[in-house]
Amino acid sequence: MKFFIDTANLDDIKEAQDLGVLDGVTTNPSLMAKEGISGQQNIIAHYNAICAIVDGDVSAEVIGTNYQEIINEGLELAKLDDKIVVKVPMIKDGIKAIKYFSKEGIKTNCTLVFSAGQALSAAKAGATYVSPFLGRLDDISTDGLGLIEEIRLIYDNYGYTTQILAASIRHAMHMVNCAKIGADVTTSPLSAITALIKHPLTDSGLAQFLSDHTKAAGRP
Ligand code: E4P
């Protein structure tokens, strides 16, 4: 399973990249705003900065919501770097645009997906990635992981190559459960990625080993 980081924070992206387990980055307009990035030139510069750090796909979201706006923006974004994946919302014009980008060989990430029917439509349009938001479904007491299972089943039934990019991940257990289900990718905050590595028994076991080593070294 690929690990993407869901942030526009350059320090977090660098830390995950240095860890050696990062496969890509997803951003969205809220994450860009959180970093204080606004204005077309600054946004473009920020995508370029992200692409310079990470080895892998970088999702850059369009703001337009009608077909022509999505196409124009997507073409501009795709020109920035081969790593750029045009992130398109799951709306009618978005699906039409994904079909267009797919014919042009431009990678896409269909975002804001909350149902199996939406995921099926994204695959039929030829999306490279589909992003079901499992955490936001959990937030409204719905089964987010259940949706990932449904999409996996449907894609496997027909051999769709669209990759399931489980998004809106809140914690490490979401990542582990997505791996059990067979999601292709998870995108999560740095905290979830680093939490995967931690276990209190590892910490106490290591402390014990080091203390025993020091005691033994002090003996004649
Ligand atoms: C997906 O690509 C989105 O950026 C993201 O995962 C949304 O997550 P949130 O629910 O934490 O905002």
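The residues of the chain are indexed from 1 along the displayed sequence. Note that the structure is predicted; figures quoted are calculated from it, not measured. Only heavy atoms go into these numbers, but all of them, side chains included; no hydrogens, no water, no symmetry mates. In each ligand, atom 1 is the first atom listed, and ligand 1 is the first ligand listed.
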- [ ] Could you verify whether a donor N or O on one side chain and an acceptor N or O on the other, from S188 and D6, lie under 3.5 Å apart?
- [x] no
Open item on the list: For I106 versus A78, what's the shortest heavy-atom pair and its separation?
Closed with: CG2-CB, 3.9 Å
Open item on the list: Quiz question: by atom type and distance under 3.5 Å, do the side chains of T26 and S59 form a donor-acceptor pair?
Closed with: no
TODO: Give, for atom CG of L147 and atom CZ of F133, the distance between the pair rounded to the nearest 0.5 Å.
DONE: 11.5 Å
TODO: Kindly check if the number of other-residue, nucleotide or ligand heavy atoms within 6.0 Å of CG (D212) is above 12?
DONE: yes
- [ ] For R152 and I181, indicate whether the former's side chain and the latter's backbone hold a donor-acceptor pair under 3.5 Å.
- [x] no
- [ ] Heavy-atom cut-off of under 4.0 Å around ligand 1: list whichever protein residues fall inside it, by chain and number.
- [x] D6, T26, N28, K87, F133, R136, A167, S168, R170
